[in-house]
Amino acid sequence: MIHFYHPDLLKRDGVSTFMCQGAAPRARPVIGCESTHKTALDLGIVTSLAILKSNDQSAVRAALPERRKPSGFAAVDDVAAVPLTSENGRREYQRFLAAEPPRAMALSPDGKNWAWNAGEFDAVVKALTRCAQRSNQTCELYAVDDDVVWTPN
């Protein structure tokens with residue numbers, strides 16, 4: 001996977017292109033991958049470095065779920081506080097914590113089912129959908145990125 005960033009917006013040691021081989025752990029930041037001194041413009045991926053605005057930006061943003069505010073219930077890394085009923089669920093939560101944002105963890109109301117997703121812009125929707133499919137219940141978000149957003153009923 002190669003990641004191109006606008007050279008005026010992100011650089012590490014003068015480089016804005018990074019190539020990840022797939023062997024690195026998912027939690028590794030992209031800018032920790034192999035740097036490449038060629039930009040997307042140099043490689044012909046883009047034809048201009050001009051930053052443009054899209055007329056449908058507000059429609060796209062409206063389609064995305066609203067970002068939940070931290071609830072203060074627990075620290076995101078407090079595995080013991082997660083209201084899950086199994087050790088397997090707690091192990092999965094630890095895997096969630098090791099994943100790179102964007103990430104979301106959803107739980108069923110009875111704490112028997114869960115699902116998480118990471119690395120995709122729609123991680124929240126995917127985690128909630130998968131949890132509901134597994135549990136046949138409406139699931140709630142427990143954590144999004146580095147925040148616990150869940151509150152006890």
Side-chain angles (χ1 to χ4, degrees), residues 1-79 81-82 84 88-108 113-135 138-151:
M1 173 75 78
I2 192 161
H3 300 268
F4 296 100
Y5 295 93
H6 193 289
D8 293 340
L9 301 178
L10 180 109
K11 280 188 184 172
R12 185 199 63 178
D13 299 326
V15 175
S16 61
T17 303
F18 306 93
M19 186 167 48
C20 303
Q21 299 293 333
R26 270 191 86 135
R28 182 179 183 183
V30 169
I31 61 172
C33 295
E34 178 185 347
S35 59
T36 303
H37 288 278
K38 299 235 181 218
T39 66
L41 183 64
D42 297 334
L43 296 171
I45 306 295
V46 298
T47 57
S48 169
L49 290 178
I51 298 174
L52 304 175
K53 295 207 178 231
S54 170
N55 291 333
D56 65 350
Q57 216 170 20
S58 59
V60 170
R61 285 197 177 131
L64 296 174
E66 185 177 322
R67 180 153 176 92
R68 302 266 309 265
K69 300 211 180 308
S71 66
F73 172 74
V76 74
D77 59 352
D78 185 354
V79 177
V82 183
L84 289 167
N88 190 32
R90 294 190 196 294
R91 280 192 298 276
E92 281 301 308
Y93 186 71
Q94 289 174 320
R95 287 187 59 214
F96 160 79
L97 290 174
E100 190 73 17
R103 62 187 184 179
M105 177 84 170
L107 310 176
S108 64
N113 294 280
W114 65 90
W116 63 272
N117 190 281
E120 300 179 79
F121 76 94
D122 57 349
V124 166
V125 172
K126 287 185 175 178
L128 285 168
T129 301
R130 192 174 313 131
C131 180
Q133 289 169 341
R134 290 177 179 168
S135 67
T138 301
C139 293
E140 293 184 44
L141 289 173
Y142 179 77
V144 177
D145 296 335
D146 294 325
D147 298 315
V148 171
V149 297
W150 185 82
T151 52

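The shown structure was predicted, so the numbers you read here are calculated from the model rather than taken from an experiment. Numbering starts at 1 and runs along the sequence shown.
- To the nearest 0.5 Å, atoms OG1 (Thr151) and CD (Glu140) are separated by 6.5 Å.
- Annotation for Ala127 and Ala115: closest pair O-CB, 3.5 Å, computed over non-hydrogen atoms.
- Side-chain contact check for Ile51 versus Leu9: some heavy-atom pair is nearer than 4.5 Å.
- For the pair Thr129/Asn117, no side-chain contact is recorded, criterion being any heavy-atom separation below 4.5 Å from C-beta on.
- Here NE2 of His37 is found 8.5 Å from CG of Asp13. Values are rounded to the nearest 0.5 Å.
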Steps toward side-chain contact (heavy atoms from CB on, under 4.5 Å) verdict (Phe4, Val46): CA-CA 10 Å; Phe4 296 100; Val46 298; over 6 Å; no
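- Considering all non-hydrogen atoms of both residues, Leu128 and Cys139 come closest at CD2-O, 3.5 Å.
- The two residues Pro101 and Asp145 make their nearest non-hydrogen contact at CB-OD1, 3.5 Å.
- The side-chain heavy atoms of Tyr93 and Tyr142, taken from C-beta on, include a pair separated by under 4.5 Å.
- Annotation for Leu41 and Ser48: closest pair CD1-N, 3.7 Å, computed over non-hydrogen atoms.
- Contact of the Leu10 side chain with the Phe18 side chain is registered, since non-hydrogen atoms from C-beta on lie closer than 4.5 Å.
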Give the C-alpha distance, both sets of side-chain angles, the deciding distance and a yes or no for side-chain contact (heavy atoms from CB on, under 4.5 Å) between Ile2 and Lys38. CA-CA 11 Å; Ile2 192 161; Lys38 299 235 181 218; over 6 Å; no
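- At most 12 heavy atoms of other shown residues, nucleotides or ligands fall within 6.0 angstrom of atom CZ in Arg95.
- Between Leu49 and Pro7, some side-chain heavy-atom pair lies under the 4.5 Å cut-off.
- Put simply, the side chain of Thr17 does not reach to within 4.5 Å of the side chain of Asp42, judged on heavy atoms.
- Considering only heavy atoms from C-beta on, Trp116 stays 4.5 Å or farther from Arg103 through its side chain.
- A pairwise comparison of heavy atoms in Val149 and Arg68 identifies O-NH2, 3.1 Å as the closest pair.
- Counting all heavy atoms, side chain and backbone alike, Leu107 lies closest to Val82 at CD1-CG1, 4.2 Å.
- With a 4.5 Å cut-off on side-chain heavy atoms, Arg134 and Arg130 count as touching.
- A distance of 11.5 Å separates CG of Asp147 from CG of Leu141, quoted to the nearest 0.5 Å.
- One finds the CE atom of Met19 at 5.0 Å from the CD atom of Gln21 (value rounded to the nearest 0.5 Å).
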